Amino acid sequence: DKNIFIIKSDIGSFLNDVKHAYIDYRKSSECFLEEYIAISPRLKYFIEKVIVKSIIDRDELLKNFSNKKSRQMFVSACVDILCNQTLFEFLGGRLLTPENRMSFRDVDAIINMLSMVLRSNGFKDNATRLRFLDIVFELCAKPEEVWDFYNARLPFRNILRIQPWDADNICKVRIRHIIKVLRWSSPNKLGKCWATWDEFCIRKDWFSTADIDNILYVCKNESEFQFIESDKLWADILGDSKYCTTEQKAEFDELYRLAELPF
């Protein structure tokens, strides 16, 4: 009892239309719910906690996502939400106007949940890991608001939280951003941001040995980031971090000497 309509079209136009229809579908809330139907009630429960600003308990989170498959699905779903923030609105959240984006607090809460799960299970594939790194940098390093005294703490925290590999495109870009923020940060100088300085001091042990190697590399080899006198303030803190090696401390000392700074 169905009518059949013949559509006259060349194969190129038809496939192009199908491609765009598929892209639109992949971004839709219907596709999202269908893809994550197995974890949908649990996912909505924890997104609701984010929305109402409840504390996320790690044990409760891992108990609800108790095996590798469900945890990796949860991670992928959260990455999808960060990449397509209309999904956050679809799940009951609020987007800021006129930017039509999630608040830094909501982004931080979702990334915090992700970090809890990722300690137990990693990403399902490298593509998801790269999407996660790219979207965190997009949300937490590129908006103008990350240079606002009142908003800078949370986005900087999440730039410190992520750990790209040396081969990742974002690796050196992240390091350059961190150095720029540290040069803008200080505990006691006018025009400097105390919140990002405080975050750096609290999280200094989040810097891996590889992070410190990359900071040293950038300071040695890129003219924009050549070591200057004020850098000694944050370099001394970094030298006290858990993963800064004796050799790396010696390299910082050499940078002080080359910059003709007092030891």
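Keep in mind that the numbers below use all heavy atoms, side chains included, and drop hydrogens, waters and symmetry copies. All figures in this text were calculated on a predicted structure; none of them were measured in a lab.
- More than 12 heavy-atom neighbours from other residues, nucleotides or ligands sit within 6.0 angstrom of OH on Tyr36.
- Here Asp166 does not pair with Lys172 in a salt bridge; the nearest charged N to carboxylate O distance is not below 4.0 Å.
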Next item on the list: In sequence, state the C-alpha distance, the side-chain angles, and the governing distance for Asp211 and Gln163, and then conclude on side-chain hydrogen bond (donor to acceptor under 3.5 Å, both in side chains).
Entry: CA-CA 8 Å; Asp211 283 336; Gln163 292 290 325; 3.2 Å; yes
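- Between the CD atom of Glu247 and the OG1 atom of Thr209 there is a distance of 10.0 Å, given to the nearest 0.5 Å.
- Within the model, atoms CD1 of Ile23 and SG of Cys31 stand 12.5 Å from one another, a figure rounded to the nearest 0.5 Å.
- Tracing side-chain contacts under 4.5 Å through hydrophobic residues (I, L, V, M, F, W, Y), one reaches Ile11 starting from Val18; they form part of the same cluster.
- The side-chain heavy atoms of Trp197 and Lys192, taken from C-beta on, include no pair separated by under 4.5 Å.
- Rounding to the nearest 0.5 Å places CD1 of Ile47 at 5.0 Å from SG of Cys78.
- Heavy atoms from other residues, nucleotides or ligands lying under 6.0 Å from OH of Tyr243 number 12 at most.
- When the options Arg157, Arg153, Lys53 are evaluated for a salt bridge (Lys or Arg N to Asp or Glu O under 4.0 Å) with Asp108, the one that passes is Arg157.
- Between Trp184 and Phe149, a ring centre-to-centre spacing shorter than 6.0 Å is recorded.
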Check: So Ile6 and Ile4, side chain to side chain contact (heavy atoms under 4.5 Å, CB included) or not? Walk me through it.
Finding: CA-CA 7 Å; Ile6 305 300; Ile4 297 175; 4.2 Å; yes
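- At most 12 heavy atoms of other shown residues, nucleotides or ligands fall within 6.0 angstrom of atom CZ in Arg94.
- For the atom pair CD1 of Ile212 and CD of Gln248, the computed distance is 5.0 Å after rounding to the nearest 0.5 Å.
- When side chains are defined from C-beta on, Asp231 counts as touching Ile228, because their heavy atoms get closer than 4.5 Å.
- Note: Phe200 and Phe207 have perpendicular aromatic rings, judged against thresholds of 30 and 60 degrees for the angle between ring planes.
- With contacts defined as side-chain heavy-atom distances shorter than 4.5 Å, the pair Lys44/Leu33 qualifies.
- Across every non-hydrogen atom of Thr196 and Ala152, the tightest pair is CG2-CB, 3.6 Å.
- With values rounded to the nearest 0.5 angstrom, Met113 atom CE is found 8.5 Å from Phe65 atom CZ.
- Taking the side chain as every heavy atom from C-beta outward, Leu91 and Ser29 never approach each other to under 4.5 Å.
- In this structure a side-chain-to-backbone donor-acceptor pair under 3.5 Å is present from Asp205 to Lys242.
- A distance of 8.0 Å separates OG1 of Thr86 from CG of Asn100, quoted to the nearest 0.5 Å.
- Linking Ile, Leu, Val, Met, Phe, Trp and Tyr whenever their side-chain heavy atoms come within less than 4.5 Å puts Trp147 and Phe104 in one cluster.
- The shortest side-chain heavy-atom distance between Lys69 and Asn121 does not fall under the 4.5 Å cut-off.
- There is no path of hydrophobic side-chain contacts, each under 4.5 Å, that joins Trp194 to Ile178.
- No donor-acceptor distance shorter than 3.5 angstrom exists from the side chain of Arg71 to the backbone of Val117, with no hydrogens or angles considered.
- Among all heavy-atom pairs drawn from Val136 and Asn158, the shortest one is CG1-O, 3.7 Å.
- For Arg131 and Asp80, the salt-bridge test passes: some basic side-chain N is under 4.0 Å from an acidic carboxylate O.
- Look at Arg176 and Glu224 and you find no salt bridge, because none of the NZ, NE, NH1 or NH2 atoms lies under 4.0 Å from a carboxylate O.
- A salt bridge links Lys232 with Asp236; the closest basic N to acidic carboxylate O contact falls under 4.0 Å.
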Next item on the list: May I have the step-by-step check of side chain to side chain contact (heavy atoms under 4.5 Å, CB included) for Ile162 and Phe132, ending in yes or no?
Entry: CA-CA 9 Å; Ile162 59 175; Phe132 171 68; 3.8 Å; yes
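- Annotation for Cys219 and Leu255: closest pair CB-CD1, 4.2 Å, computed over non-hydrogen atoms.
- For the residue pair Glu229 / Tyr256, no side-chain donor-acceptor distance below 3.5 Å is found, with atom types taken as modelled.
- Salt bridge annotation for Arg101-Glu145: present, with a cationic side-chain nitrogen under 4.0 angstrom from a carboxylate oxygen.
- Residues Ile110 and Met102 meet the side-chain proximity criterion, which asks for heavy atoms closer than 4.5 Å.
- Residues Ile135 and Leu95 fall within the same hydrophobic cluster, defined by Ile, Leu, Val, Met, Phe, Trp and Tyr side chains chained together at heavy-atom separations under 4.5 Å.
- Side-chain contact annotation: Asn16 with Ser13, donor-acceptor N/O pair under 3.5 Å absent.
- With respect to the salt-bridge test (charged N to carboxylate O, under 4.0 angstrom), the residues Glu60 and Lys63 do not qualify.
- Between Trp234 and Ser186, the closest side-chain pair of non-hydrogen atoms is not below 4.5 Å.
- A salt bridge is absent between Lys204 and Asp240; no separation between the charged side-chain nitrogens and carboxylate oxygens falls under 4.0 Å.
- Contact annotation: the side chain of Arg105 approaches that of Val50 to within less than 4.5 Å [non-hydrogen atoms, C-beta and beyond].
- Using bins of under 30°, 30° to 60° and over 60° for the plane-to-plane angle, the ring pair Phe74/Phe46 lands in the perpendicular bin.
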Item checked: Working for side chain to side chain contact (heavy atoms under 4.5 Å, CB included), residues Ile202 and Asp198 -> CA-CA 6 Å; Ile202 293 171; Asp198 184 53; 3.5 Å; yes
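- Side-chain atoms of Asp168 do not come within 3.5 Å of backbone N or O of Cys171 as any donor-acceptor pair.
- Taking the ring centre of Trp165 as origin, the terminal cationic atom of Arg129 falls inside the region bounded by 6.0 Å and 45° from the ring axis.
- Both Tyr45 and Ile56 are assigned to one and the same hydrophobic cluster, defined by single-linkage of ILVMFWY side chains at heavy-atom distances under 4.5 Å.
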Next item on the list: Show your working on side chain to side chain contact (heavy atoms under 4.5 Å, CB included) between His177 and Val173 and close with a plain yes or no.
Entry: CA-CA 6 Å; His177 178 76; Val173 180; 5.9 Å; no
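- Residues Pro41 and Ile37 come closest through the heavy atom pair CD-O, 4.3 Å.
- For the pair Ala38 and Met73, the tightest heavy-atom approach, listed with the atom from each and the gap, is CB-CE, 4.2 Å.
- Closest approach of Ser241 to Leu238, counting heavy atoms only: OG-O, 2.7 Å.
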